[in-house]
2 protein chains.
Amino acid sequence: MKHDKNVTIADVAKHAGISKSTVSQYLNKRFEYMGEETKQRIRQSIAALGYSPNVLARSLKQKKTFTIGMIVANILHGFSTQVIRTVEDACNEQDIHVIVCNTDEDPQKEQKYVQMLEAKQVDGFIIFPAGDNEELYRELLDKNIPLVFVDRIVPDLPVNTVLTDNEKAAAMAVDYFTNCGHRRIGLAVPPLKRVMTPRSERLSGFQKAMESHELEKSGMFIYEQSLSAMADYLSAEFQKEDKPTALLASNDLTLIEVLQFCRQQEMEIGRDVSIISIDDMPLAGVYNPAVTSIEQPAAAIGEKAAELLFEEMNEGKELSPAVHRYSPVFLERDSVETR
Amino acid sequence: MKHDKNVTIADVAKHAGISKSTVSQYLNKRFEYMGEETKQRIRQSIAALGYSPNVLARSLKQKKTFTIGMIVANILHGFSTQVIRTVEDACNEQDIHVIVCNTDEDPQKEQKYVQMLEAKQVDGFIIFPAGDNEELYRELLDKNIPLVFVDRIVPDLPVNTVLTDNEKAAAMAVDYFTNCGHRRIGLAVPPLKRVMTPRSERLSGFQKAMESHELEKSGMFIYEQSLSAMADYLSAEFQKEDKPTALLASNDLTLIEVLQFCRQQEMEIGRDVSIISIDDMPLAGVYNPAVTSIEQPAAAIGEKAAELLFEEMNEGKELSPAVHRYSPVFLERDSVETR
DNA sequence: CTGTTAGCGCTTTCAC
DNA sequence: GTGAAAGCGCTAACAG
């Protein structure tokens, strides 16, 4: 017992006493030579029968599904959610649907999803690459399937990519810290395995900025550690004499661990250690003290990604793919103290 | 220029020197009487041609799309995101796709999405009802389309519904507060317009629990206010002599406002006012002090919703719909002080 | 065990 | 202006 209501275009045609093709014309708004009366009759029949077109059949014929696939690597990041949200809004305006898949950073899963979505004939992809799937992406390209990357750069692939200016984000933090008189600054960052553009760029941005302030020698502390071990690791490191007065959390998940570390060490934020976070979290602004944060421009990124994808879907693409970087936003709050 | 690679089942058949239907059998794993050699040849041809089946055509024929629609009222709640996540996981195990739509509590939008998804022939719906669309739901029911509600009850509709035991959540908070010696307790809740099951149940649960402690007369404070005005409203109310010593935030978004209020009034959580939140937020556990929270069982709810939907999709449903409530989880932390 | 034959519901020339 | 007919890629009887 499934969807029984099978009113097809044929039923409408019969009811209206005309042919299927005319009804089809009507549905596709090809009114050019259609009699006013015909239109009228069709409209009535449709209403009377409660007809609604079967998009599947149309898609089969037109080879267009009005659906795109969106593949995110880690939906736990607030950033991903926000980008998804924006992309969906953009798509809804065009009556395009979005199927979202989460790969948990697993290239295998990513491959499976891409193939499933391809089989579903999606019209395009927006992907946060999990990495290590270059061949897969290349196939997509070969098949001429519209594709946009978000958040991470896959080297040597001619694909439009849109992401935060991560180096700038890190530099903003460093500059702010130094302006407040800090000369010993740490970076808490999860492990840098594989192509994790944001992480590695934030690290390099951090290093460059430190160099520009001539702090790279003895003032720079890099805490690279898995999230689950981060708090303990920081606790241990901060027992040492040689430690920073300011700490940059490289993303939202890291911030949680940094805050955890402060709690367990009973360190007062500001007095004992100044904090900045890349990524703004819902409670960061009302934290005690409010956490100075660098917000990724998720809306701009999502919009741009959608826009680029639409272009590829409509125009035949070949608009020479590029990397599009958007500046983060500095949210000055109270977690940095001047010394 | 679109997906060019159109290797069809016919190409495979030709290449393998057999007929389409045999290939189709193979694809559908109906191996019963199929010669080992035939299978072999098919396998090779598929690989050679890089064939991948067109799910659309299959769906058109089978009247099954292996896709479900999920419609959430407010994706800004962490709870929605978590439920989505769980449902997606459950679906992925069955190779079912999920299309997620966000209605922003707008019944109009909800209607539009339902219709779009219907046109796409989704196999079922999981809906967080925005409310006021009874007729729409009834149509779905009439058409025998599998449907499960989450988070909100739509009265008088025979639909499986799964949600948090909201009254219990509120009672948990009240009981804990009173155990800690609080006799004057407030509830901050957004406006109760329309059918917002969680809100109204949390309110009624709060009231009932207060009554059971004989606090409903002079110890109960209900702050019903829109989120944007909440912080200021609380600030004004707490100027009065007659105010509570403990405050329950009815959901995550409300907690943000409550915390905001504490900040702007420079009230120390615990000493000046004890706080509990329904919904656990990422930073709540590392807040200063950590915010005692009542977590909704999102995973259980998502799993159950998916399970119920699958049942309806497979068995012919008619399993006498019911309301399924799941108990929230009390996370004792440090934002409540004994008096 | 494999092939033939109809469609699924819609679009799209191309006649009339 | 409208209709007839072919077919999108696949599945599902039913023969053989």
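Residue numbers start from 1 in every chain, and the chains themselves are labelled A, B, ... in the order their sequence lines are given, proteins ahead of strands.
At a cut-off of 3.5 Å, with distance as the only test, a side-chain donor of Lys120(B) or Thr67(A) sits close to an acceptor on the other residue.
Residue Gln25(B) places its side chain closer to dG3(C) than to any other of dT2(D), dG3(C), dT11(C). Proximity note for Lys61(B) (side chain, C-beta onward) versus dT11(C), dG7(C), dG9(C): the nearest is dG7(C).
Contact check, Lys63(B) against dG9(C): a side-chain N or O comes under 4.0 Å of OP1 or OP2. Between Lys20(B) and dT5(C), a side-chain N or O to OP1/OP2 separation shorter than 4.0 Å is absent. In terms of phosphate contacts, Thr22(B) brings a side-chain nitrogen or oxygen within less than 4.0 Å of OP1 or OP2 of dG3(C). OP1 and OP2 of dG3(C) both lie 4.0 Å or more from every side-chain N or O belonging to Ser21(B). Note on Thr8(A): every side-chain N or O is 4.0 Å or more away from OP1 and OP2 of dG9(C). The shortest distance between the side-chain N/O atoms of Tyr26(B) and the OP1/OP2 oxygens of dC10(D) is not below 4.0 Å. Contact annotation: Asn54(A) does not reach the phosphate of dC8(C) (side-chain N/O to OP1 or OP2, under 4.0 Å).
Between the CD atom of Gln40(A) and the P atom of dG1(D) there is a distance of 17 Å, given to the nearest Å. Note: CE (Met34(A)) to P (dT2(D)) measures 6 Å, nearest angstrom. Taking atom CZ on Phe66(A) and atom C1' on dT11(C), their separation rounds to 12 Å, with Å as the unit. As rounded to whole Å, 10 Å separates atom P of dG9(C) from atom OH of Tyr51(A). If you measure from atom CG of Leu60(A) to atom P of dT11(D), you get 12 Å, rounded to the nearest angstrom. Atom CZ of Arg58(B) is separated from atom C1' of dG9(C) by 18 Å (rounded to the nearest Å). If you take CD of Gln62(A) and C1' of dG7(D), they are 14 Å apart, rounded to a whole angstrom. Residue Arg41(A) contributes atom CZ, which lies 15 Å from atom P of dG1(D) at whole-angstrom precision.
Screening Asp151(A), Leu147(A), Ile153(A) against Phe149(A) for a side-chain contact (heavy atoms from CB on, under 4.5 Å) leaves a single residue, Leu147(A).
Taking only distance into account, the side chain of Thr38(B) never meets the base of dT2(C) through a donor-acceptor pair shorter than 3.5 Å.
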CA sep, side-chain torsions, deciding dist, call: Val87(A), Leu309(A), side-chain contact (heavy atoms from CB on, under 4.5 Å): CA-CA 10 Å; Val87(A) 169; Leu309(A) 190 69; over 6 Å; no

task: Decide side chain to side chain donor-acceptor pair (under 3.5 Å) for Tyr113(B) and Gln108(B); before the verdict, give the C-alpha distance in whole Å, the side-chain angles of both, and the deciding distance to 0.1 Å.
output: CA-CA 9 Å; Tyr113(B) 286 142; Gln108(B) 300 263 306; over 6 Å; no

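Relative to the ring axis of Phe66(B), Lys64(B) places its NZ or CZ within 45° and under 6.0 Å from the centre.
Residue contacts shown for Ile18(B) are limited to sugar-phosphate atoms, with no base heavy atom under 4.0 Å away.
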